[in-house]
Amino acid sequence: MDLLSFLKSKFGFSAFRPGQEEVIRSLLDGKDTLAMLATGTGKSLCYQLPAYLLDGSCIIVSPLLSLMQDQTEQMKMRGEKSVVALNSFLTGPEREAALAHLGAFKFIFVSPEMLHNRYVLGKLKTIRTALFAVDEAHCISQWGHDFRPEYLNLGEVRKQLGTPLTLALTATATEQVRDDICKYLGLKDPNRFIYSVNRPNIAIKIDRIPSYREKEEKLVAYAKNLQKPGIIYFSSKKAAEEMAARLRQEGIAEAAAYHSGIDQEQRILIQQQFIYGQIKIICATSAFGMGVDKADIRFVIHFHLPLQMEAYLQEIGRAGRDGLPSIAVLLYTEGDERLPLQLIEAELPTDAQLAAFSRWKGDLKEAGAALGCTEPQLRFLLHHRVLNLPEEAWTREVAAIRNERMAYKRRKLKEMVQMVRSSSCRRSEILRYFGEPPAAGNEACCDICGLETALYESNQKSGGTLETVPAWELLLQDLFRKGEQKWHEENRRI
DNA sequence: CGTGAGGTAATTATTTACCTCACGGTGCGATAAT
């Protein structure tokens, strides 16, 4: 099969990016496949292309509504009309119409929660599924155990659908997480295509700062001096808001905050303005980033400590997709691990909550409020209520599960802290975490190996070019970017 | 744990100093139907 000419005629690309062809051939051979490809290397092609060559529909499990909307829009722009996103954006009648003619769609995007709905799943069972693709598959492991438990149910969904050919896609997963993905999807001995997570053009810097106040000042200085655009990550909505306001006050740049507390429309607007260059700095929580496809982000700063290396890597990986030099800075003050620790603890129920829940006789919907649970805590309790045990035994049993999960999360945080405190090459530490060999020498590696921060500052170019580029040109650049991108990225098969 | 908001006392009246307390991230779907 001449895949290359098909690629050319259907998608207009003249060559595959690293990994794409192997993944596609694996699927066309009928093998379940796990693919870990660096961010922005065109993962969606890995399910789109084979879907055309297979008989039946392609179901794509996607974690975010905005991601589904973006993907369907892009496909429609390319001329593919046989696409639907089954989610709560559909009105009742729209949804009915879509469900009545599911088989007519080549591509069906759907959330794990929607797949949990028996009626929807029943409809999906009636059509021929050629390919079951799970996008951002690390979410299974990262979110499935508590935050979004429907993710753990995907294996059962897959079985219900008649165990179709399956593709799991991700950009960041350790060996253990990859095993988790296979386990929960019920993949037996899939082909695995694993590429390096290394992004050589992103320099890594970790600053140890004596106090919170000094950290703020340092951050403002970075925001002033570094080449923009950039993202600053916070673990608190309030801190993100306050810093955005402060940056505006100091007249540094067009700065805006982005977090889950901002209403949906406003969030979309801010993201668009950032992509088209009207906003230069985003002060964000972890809500920002997935699916943000902007090539020229020059810096990512962490004001707070991420909860795990995977999150850190994903967040810094949003810089420098154009292959140009970019920098990731993490500001660390002794004791910063307390905040993520707090967040972790609020995810799982306390002993008191477990005991109270085991004795709960009222309406389950009221239990959360009565016990003072956060939403993840309540989900955890509800998820485990099926264990048919007497009160005390149940409490003991579920407490053990909780403890194990808590220990796992603490371990992940500890690994993050160890990297930050370590005095060996940052890049090699990250690679080691993902089971890769150390970094091969790179002149702009990290603060340990030696780094010239001035290279990333905007006064290098006296004035910079971005300010003088008119908006229409940015728009054009963006359109071209979507068409053809060159990656100077080293993609090492391991 | 560290921050910020809000309260209270202090020996003079508006301000300061100190205390206590709450808070801290991520998203789907949301009625019923086969």
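Naming convention: chains lettered A, B, ... in sequence-line order (proteins, then strands); numbering from 1 in each chain. Every value quoted in this text rests on a predicted model; they were computed, and no experiment measured them.
Annotation: A:Y212 is in aromatic contact with A:F303 [ring centroid separation under 6.0 Å]. Side-chain rings of A:F105 and A:H101 stay apart, their centers remaining 6.0 Å or farther from each other.
For the P atoms, the distance linking B:dA13 with B:dC19 amounts to 24 Å, nearest Å. Remark: the separation of the C1' atoms in B:dC28 and B:dC23 is 25 Å, to the nearest Å. As rounded to the nearest Å, B:dA17 and B:dT11 have P atoms that lie 13 Å from one another. Atom name P, nucleotides B:dT12 and B:dT16: the rounded distance is 15 Å, in whole Å. The gap from the P atom of B:dG25 to that of B:dA5 amounts to 15 Å, rounded to the nearest Å. Comparing the C1' positions of B:dT8 and B:dT14 gives a spacing of 15 Å, expressed to the nearest Å.
In this structure, CG in A:L131 is found 11.5 Å from CD1 in A:I108, a value given to the nearest 0.5 Å.
OP1 or OP2 of B:dG29 sits under 4.0 Å from a side-chain N or O of A:S111. Taking side-chain N and O atoms only, A:R379 has no distance below 4.0 Å to OP1 or OP2 of B:dG29. For the pair A:S286 and B:dG25, the criterion of a side-chain N or O lying under 4.0 Å from OP1 or OP2 is not met. Remark: A:S235 is not in phosphate contact with B:dG25, judged by side-chain N or O atoms under 4.0 Å from OP1 or OP2. Contact annotation: A:S236 side-chain N/O to B:dG25 OP1/OP2 distance is under 4.0 Å. A sub-4.0 Å separation between OP1 or OP2 of B:dA30 and a side-chain N or O of A:N117 is present. At the phosphate of B:dG27, OP1 or OP2 sits under 4.0 Å from a side-chain N or O atom of A:R267.
A:L65 comes within contact range of the sugar-phosphate backbone alone, with a heavy-atom separation under 4.0 Å but no base atom that close. At the heavy-atom level, A:N87 lies under 4.0 Å from the strands shown only through sugar-phosphate atoms. In this structure, A:E96 reaches the bases: a heavy-atom distance under 4.0 Å links it to at least one base atom across the strands shown. A:E375 comes within 4.0 angstrom of a base, heavy atoms only. Residue-level contact check: A:L99 touches neither bases nor backbone, having no heavy atom under 4.0 Å from any strand.
Pair check for B:dT11 finds none; no Watson-Crick or G-U wobble contact set falls under 3.5 Å. Base pairing of B:dC19: its partner is B:dG6, meeting the Watson-Crick or G-U wobble criterion (both donor-acceptor distances under 3.5 Å). Pairing for B:dA30 is absent, with no Watson-Crick or G-U wobble pair whose two atom distances lie under 3.5 Å.
Side-chain contact check for A:H138 and A:T170: at least one donor-acceptor pair (N or O, by modelled atom type) lies under 3.5 Å.
Pairs passing the salt bridge (charged side-chain N to carboxylate O under 4.0 Å, His left out) check and including a residue from residues 97-111 of chain A, sequence neighbours excluded, do not occur.
Nearest nucleotide to the side chain of A:E347, out of B:dG25, B:dT3, B:dG29: B:dG25.
Aromatic stacking is marked for A:F147 over B:dT26, as both cut-offs hold: 5.5 Å for the centres and 30° for the planes. The aromatic ring of A:Y119 does not sit over the base of B:dA32, since the test of centres under 5.5 Å and planes under 30° is not met.
In this structure, A:W394 and A:F357 have tilted ring planes: the angle between them lies in the 30° to 60° band.
Classified by its glycosidic torsion, B:dA5 falls in the anti category, the angle being over 90° from 0.
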